[in-house]
Amino acid sequence: MLRTGEQYREGLKDGREIWIDGERVKDPTTHPAFKPIVDAKARMYDIQFDKQYDANLFSYADGADRNPVLLKRPTVQQDWWDKWNAIDAYFKDIKGVVTRVGDETIGEMWSLFDGRDVLNKIDPRFAANIDNHIERVLREDLFHVSANTDPKGDRSVRPQDQDPDMMVHVVKETDKGIIIRGAKYETAAAYADQAFLKPTVGAWSDEKLSDYAVGCIVKMGAPGVKHICRSGFAGRGSKEDYPLSNQFDEVDTLMVLDDVLIPWEDVFFHRYTEGARFIRSTLHRYSAFPYVLRVLYTADMMIGAAMWNCKQTGLDKMQSVKEKLADMVAYREGIRAHLAASIALAEKSPGGLLMPNQSLLYAGRIHACSNLPQVMHIARELCGGQLCVTPNEAAFRNEGTKGWLEKFYSLNQNWQSDDRRKLLAFARDLLNSDYAGHRLTFVQFAQAPHFNHLAALYGSFDFSGPLDLVKKCADLSDRVDAKVSPAAPVRSAA
Ligand SMILES: Cc1cc2nc3c(=O)[nH]c(=O)nc-3n(C[C@H](O)[C@H](O)[C@H](O)COP(=O)(O)OP(=O)(O)OC[C@H]3O[C@@H](n4cnc5c(N)ncnc54)[C@H](O)[C@@H]3O)c2cc1C
């Protein structure tokens, strides 16, 4: 069933406890820090009904109902192309890039679906919960976020040997469910419906049973859930000067869990560390795809900003400038190639779904995330120093300064000062603002840190090809052992 934007907004008015800048937020749908991003997410709902788009672009028929394309469990290659097309149309519609709007986090639930047989063997009590929740997300068109990262405290000691709340844990079992305590860092939690909470595999990972091994659904308005948000970027400058900060800031939350009751029907695994470890190792097998796809659009924005600037100033005629633009394009095409190839060579998952080719997808995630800082710097360099010295829009309007700015920012007949100002404001917000710095860190961490990306690739690449090749070429004997040691256990990773 498809939800409307209004139904989504109404769902946020559940009395949830949100704090920002020392202020209790009464209504996230109207608060200035949240309204723009709530509107962007609401548009994702409303666009499903928008007659200007093909009815099958954002939703598909499921019996008498229609469900969102972006939340559909992928079973054939076309499902992945459909998701790509839907995101493409949505970004063009909102004129920006947002990441944590649901389609990028729902994949974690599909990983859980793949793992349900393993989890059921470990502890069969929660067998039906996984299927029920997967169905519920589709039926109710829910906005899911991801709760992985604990504050963790001192990583060198076990959580039990410090303040135990540094990592989320179960404090009590009751007839109704489990009571959990702790905290998680979560983008978009304050304006989402629910989160899939699972552990950071930490210093307890060699134990068989642990109160820290818990996976469940947390409702964002449940009693005891407190959202303590970082400051927003919206409103720090005008929309004319900071167009991205003011529309697409995805506010992050320290979500405190102060003895929160999780009903038994929302629990996926509990106490068995084997289950927790298993889920961690497969977590991003789907969600890495939409995550990397976002970076493709960021790359396009950087190329577009740099290229428009070079066209405005005539620098695009210079060979050395063309080479820098080509470097940016190589980065961009590298992302696209990994994504397209991961669909073309997609693999059946243990649960019967179709997952993007894992080795290619994880290699693409490393390419996209770890090279972003360099490419961002090339774009910044090509935009030149005017990026950070250009006066604000108010100065372009004020009678005392207007004439001077029109004179120095008008380049020729086609490039008048207003377009030059707009391009520089866009590029500044993309490359040089507080928001730009935040987004760069987001890409480096929000799905997992770099060491975790490397571990995922190491764990999914088939080393037998290179080993066999060298064995043959170097004429090694059959005595040599081709077994590859498994990926190191992932500690402190989202
Ligand atoms: C903008 C933003 C949004 C986020 N959104 C979410 C979200 O929605 N949901 C969520 O769950 N989390 C989210 N996170 C949290 C993110 O996943 C964590 O920042 C990440 O897992 C790293 O944890 P940490 O920050 O505690 O760093 P630490 O664990 O302190 O690690 C810091 C650095 O130490 C090194 N290091 C630590 N451990 C190892 C190791 N085992 N091997 C090698 N090197 C290591 C690495 O260089 C690492 O980058 C977000 C983070 C940011 C910045």
Side-chain angles (χ1 to χ4, degrees), residues 37 41 97-109 111 143-157 159 162 166-168 182-206 214-218 220 225 227-233 245 248-257 276-277 279-281 283-284 287-288 290-291 294-295 298 365-366 369-370 372-373 434-459 487-494:
I37 191 65
K41 176 60 191 168
V97 177
V98 285
T99 303
R100 205 128 295 171
V101 280
D103 66 299
E104 177 259 349
T105 35
I106 191 62
E108 295 184 350
M109 292 295 287
S111 301
F143 178 11
H144 234 270
V145 288
S146 168
N148 304 330
T149 307
D150 304 83
K152 301 191 282 268
D154 183 342
R155 324 293 152 85
S156 65
V157 294
Q162 54 181 319
M166 285 297 174
M167 290 178 54
V168 171
K184 294 279 187 188
Y185 288 104
E186 251 177 85
T187 304
Y191 51 94
D193 298 311
Q194 59 186 35
F196 171 25
L197 177 143
K198 56 272 173 209
T200 305
V201 175
W204 46 269
S205 60
D206 29 17
V214 56
C216 60
I217 292 291
V218 181
M220 295 296 92
V225 175
H227 302 266
I228 308 178
C229 304
R230 65 154 169 84
S231 289
F233 296 108
S245 305
F248 306 115
D249 178 24
E250 303 184 62
V251 183
D252 312 279
T253 298
L254 175 69
M255 182 186 71
V256 176
L257 301 158
R277 248 193 309 275
I279 285 303
R280 293 258 19 133
S281 64
L283 194 62
H284 296 138
S287 57
Y291 192 75
R294 270 40 182 206
V295 190
T298 304
R365 185 166 68 170
I366 291 169
C369 298
S370 60
L372 179 62
D434 282 5
Y435 167 82
H438 181 84
R439 290 304 290 185
L440 182 61
T441 309
F442 180 94
V443 169
Q444 306 308 319
F445 281 105
Q447 193 162 79
H450 183 65
F451 70 84
N452 189 252
H453 293 185
L454 293 172
L457 180 58
Y458 183 92
V490 177
R491 289 174 182 267
S492 318

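Counting starts at 1 for both ligands and their atoms, in listed order.
Among the atoms of Phe451, none of the N or O lies under 3.5 angstrom from an N or O of ligand 1. Residue Ser146 has at least one nitrogen or oxygen atom sitting less than 3.5 Å from a nitrogen or oxygen atom of ligand 1, judged on distance alone. Any N or O atom pair closer than 3.5 Å counts here, and Thr441 shares no such pair with ligand 1.
In this model, a donor atom of one side chain and an acceptor atom of the other lie less than 3.5 Å apart for Arg439 and Thr99.
Compare Ala446, Pro449, Ala189 by their heavy atoms: the one nearest to atom 50 (C) of ligand 1 is in Ala446. Closest heavy-atom approach to atom 2 (C) of ligand 1 within the set Thr105, Asp150, Asp252: this belongs to Asp252. Between atom 11 (O) of ligand 1 and the options Thr99, Asn148, Thr200, Leu440, the minimum heavy-atom separation is to Asn148.
Numbered from 1 in the order shown, with element, the atoms of ligand 1 that lie under 4.0 Å from a heavy atom of His438 read 1 (C). Which parts of ligand 1 touch Glu186 is read off a 4.0 Å heavy-atom cut-off, strictly below it: atoms 7 (C), 8 (O), 9 (N). Residue contact check: Tyr185 has heavy atoms under 4.0 Å from atoms 6 (C), 7 (C), 9 (N), 10 (C), 11 (O), 12 (N), 13 (C) of ligand 1.
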When you look at Arg294 and Val101, which way does the side chain to side chain contact (heavy atoms under 4.5 Å, CB included) test go after all the steps? CA-CA 11 Å; Arg294 270 40 182 206; Val101 280; 3.5 Å; yes
When you look at Ser146 and Lys198, which way does the side-chain hydrogen bond (donor to acceptor under 3.5 Å, both in side chains) test go after all the steps? CA-CA 8 Å; Ser146 168; Lys198 56 272 173 209; 3.3 Å; yes
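Looking at Phe442 against ligand 1, both its backbone and its side chain come within 4.0 Å, counting heavy atoms. By the criterion of a heavy-atom distance under 4.0 Å, neither the backbone nor the side chain of Ala448 is placed next to ligand 1.
Heavy atoms of Lys152 come nearer than 4.0 angstrom to ligand 1 in at least one pair. At least one heavy atom of Arg100 sits less than 4.0 Å from an atom of ligand 1. Ligand 1 is never approached by Gln447 to a heavy-atom distance shorter than 4.0 Å. Not a single heavy atom of His450 sits closer than 4.0 Å to an atom of ligand 1.
Interatomic distance, CZ of Arg365 versus CG of Asn452, reported as 6.5 Å (0.5 Å rounding).
In terms of heavy atoms, Ala183 sits closest to Pro151 at O-CD, 3.3 Å. Here the closest non-hydrogen pair linking Glu108 and Asn148 is OE2-ND2, 3.8 Å.
Not one N or O on the side chain of His450 forms a donor-acceptor pair closer than 3.5 Å with the backbone of Gln444. With hydrogens and angles disregarded, no donor-acceptor distance shorter than 3.5 Å links the side chain of Ser287 to the backbone of Thr105. Between the side chain of Asp150 and the backbone N or O of Lys152 there is no donor-acceptor pair closer than 3.5 Å.
Taking the ring axis of Phe143 as reference, the NZ or CZ atom of Lys41 stays within 45° of it and closer than 6.0 Å to the ring centre.
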